Amino acid sequence: GIQVEQSPPDLILQEGANSTLRCNFSDSVNNLQWFHQNPWGQLINLFYIPSGTKQNGRLSATTVATERYSLLYISSSQTTDSGVYFCAVVDYGQNFVFGPGTRLSVLP
Amino acid sequence: DGGITQSPKYLFRKEGQNVTLSCEQNLNHDAMYWYRQDPGQGLRLIYYSQIVNDFQKGDIAEGYSVSREKKESFPLTVTSAQKNPTAFYLCASSIRQPGQGWNEQFFGPGTRLTVL
């Protein structure tokens, strides 16, 4: 089945810094989402982005489907950005797979 | 407000007992899903349903059962056959668009199940 990798696995930033999180997938996809899981476990939708670029405030995402990767950019990070960021994909076999996540800690 | 609710938030169960987790949505979504998350891990699909009275197994369905009698509700039963049931359980829903595969999923707040 499709494999999803995320990097880096852990990231520690000072408040105000910028960061880039990466999601690589091993096969073609027709659906890709980015989520933020907060410390209480709630999964918050960030982007639904099977291809192209989207922006929402300090966050933006780019998916290059032909090269099988997606990037999540966080600018001017805040302590409330801390948590785990997941990439999830659906392949053309209708298999839905989550990546292992990137754990982000933003220090004041 | 529209959304997905899960209850209870925390659940404790004795070994050998069945337990049912509730998931309700008022988003008028066709499809609903159950996932399991173990500490430090990603989510794994247990069951999903794209229409009332129909559901399919996901990657880790053994030891679980579901029903979909109403569009709004998709309860999950964790049976005594599930070997390691202690985990965080998340329910999700999405609009179903025929021919376009799985659409954007939205998640409930989750239920933490602990087997004593």
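Numbers restart at 1 for each chain; the letters A, B, ... are given by sequence-line order, proteins then strands. Only a predicted model underlies this, so the values are computations on that prediction, with no experimental measurement involved.
- Within the 4.5 angstrom heavy-atom criterion, no atom of A/Q6 approaches chain B.
- Side-chain atoms of B/T114 and B/Y10 include no donor-acceptor pair closer than 3.5 Å.
- Proximity to chain A (any heavy atom under 4.5 Å) is restricted, for B/Y35, to the side chain, taken from C-beta onward.
- Within the 4.5 angstrom heavy-atom criterion, only backbone atoms of B/Q41 (N, CA, C, O) approach chain A.
- Under the side chain to side chain contact (heavy atoms under 4.5 Å, CB included) test applied with A/T62, the options A/T20, A/I49, A/T53 reduce to a single match, A/T53.
- Contact annotation for B/R112: only side-chain heavy atoms (C-beta onward) come within less than 4.5 Å of a heavy atom of chain A.
- Looking at B/F106, the atoms closer than 4.5 Å to chain A (heavy atoms on both sides) sit in the backbone and in the side chain alike.
- Remark: aromatic rings of B/F74 and B/Y47 are distant, center separation not under 6.0 Å.
- In this structure, chain A has heavy atoms under 4.5 Å from both the backbone and the side chain of B/Q105.
- No donor-acceptor contact under 3.5 angstrom links the side chains of B/Q56 and B/Q50, judged on distance only.
- A side-chain donor from one of B/T20 and B/T77 sits under 3.5 Å from a side-chain acceptor of the other.
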